[in-house]
There are 2 protein chains.
Amino acid sequence: MSSENQELRAVGLKVTLPRVKILQILENSDTKHLSAEDVYKALIEAEEDVGLATVYRVLTQFESAGLVSRHHFEGGHSVFELMSDDHHDHIVCDSCGKVEEFFDHTIEQQQERIAQKFGYKITDHSMYLYGICAACQAETK
Amino acid sequence: MSSENQELRAVGLKVTLPRVKILQILENSDTKHLSAEDVYKALIEAEEDVGLATVYRVLTQFESAGLVSRHHFEGGHSVFELMSDDHHDHIVCDSCGKVEEFFDHTIEQQQERIAQKFGYKITDHSMYLYGICAACQAETK
DNA sequence: TTTGTTGTTGATTTTAATTTTCGATAACTT
DNA sequence: AAGTTATCGAAAATTAAAATCAACAACAAA
């Protein structure tokens, strides 16, 4: 039995072809952040006959199940990323759209302190740095 | 001449009734973050006959002009906030939706360091902490 | 202050992302 | 294998936001 099957069962989702395929796409993609459209295109390419509505449905189910997390980058629409236990933040290139990830202990600690100061019990946080990456800086020279 | 008029001229926007009214609404609102719909509702209440399309247009113009900044809180759609020269980040209550602001020097510094490490030239950043505020924590007890 | 030019407006249409609906179908149970 | 129930795909519906366009208002010049 494939590992995808187990993962789906583990979170209480029935094992269906669309769900398995979408999970595989997320796992095998080299870009970590995929929009619903991206996933749909990947399905088309793989000659899998899965409707766009199903993609949206399944991604939302995956989110509720804690398999993926949904991000709203600047500009609005959702991108999805496989959940992993290693938390990280994002740095995005305004020019080419590249997204890199980082983890910074100092920042994490500081966030905790701030939350305490305000009396909040933190459930989540997001941090995005926007800028021009080295490659794009070189280009415009 | 009203201060709104001056502000508009200062950023090179022609002084018109919709723009003045919308600016006033942003300035006088007790919630700092307003969606286009929020602004529109406020206009209706003030019996100002301004179309929704104009609200979107004006808010976008205000953004380009640097009068307001646009945020994409979790859940998608845009909210606008009057620009002020004091930069700050946000802490949002998942339960009641309250938004508070903070500025933390350590975090700002650290972001700069991270950007350097990745070779990015930072243009902007956003940071959101999500959690349950003190009041809401008390309620569920 | 009238007039002319140009930018702005409101109503409506359009777009794009996402969600819902619903009959057909596939997954798990017995 | 058969029944129950969730899931699916296609298409329609919804939503936020942007674009269109003729009527109109702001500012400048006469």
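So that the names make sense, note that chain A is the first sequence line, chain B the second, and so on, each numbered from 1.
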Between [atom2] of [N] and [atom1] of [X], the distance in whole Å:
X     : N      : atom1 : atom2 : answer
A/L52 : D/dA11 : CG    : P     : 13 Å
B/Y40 : C/dG10 : OH    : C1'   : 10 Å
B/H77 : D/dT14 : NE2   : P     : 18 Å
A/F62 : C/dT18 : CZ    : C1'   : 18 Å
B/D49 : C/dA11 : CG    : C1'   : 11 Å
B/H72 : D/dA17 : NE2   : P     : 8 Å
B/L59 : C/dG10 : CG    : P     : 13 Å
A/E48 : D/dT7  : CD    : P     : 19 Å

Partner of A/K21 by side-chain contact (heavy atoms from CB on, under 4.5 Å), out of A/L43, A/V55, A/T54: A/L43

Is the gap between the ring centers of A/H90 and A/H33 under 6.0 Å? yes

Whichever of A/R19 and B/L13 has its nearest DNA chain D nucleotide further upstream toward 5': A/R19

From the set [options], return the single nucleotide nearest to any side-chain atom of [X].
X     : options               : result
B/R70 : C/dT9, C/dC28, D/dA18 : D/dA18
A/K14 : D/dG9, C/dA27, C/dG10 : C/dA27
A/Y56 : D/dT5, C/dT18, D/dT20 : C/dT18
A/V58 : D/dC8, D/dA11, D/dA17 : D/dC8
A/A36 : C/dT18, D/dA26, D/dC8 : C/dT18
A/A53 : D/dA11, C/dT8, C/dC28 : D/dA11

Just checking [X]: base, sugar-phosphate only, or nothing, at a heavy-atom cut-off of under 4.0 Å?
X     : value
A/S78 : sugar-phosphate
B/T60 : sugar-phosphate
A/T16 : sugar-phosphate
B/R57 : base

Distance, nearest 0.5 Å, that separates OG1 of B/T106 from CD1 of A/I114: 8.0 Å

Are A/R70 and A/E81 close enough for a salt bridge, meaning some N to O gap below 4.0 Å? no

Could you check whether the rings of B/Y120 and B/F118 sit parallel, tilted or perpendicular, using 30° and 60° as the cut-offs? perpendicular

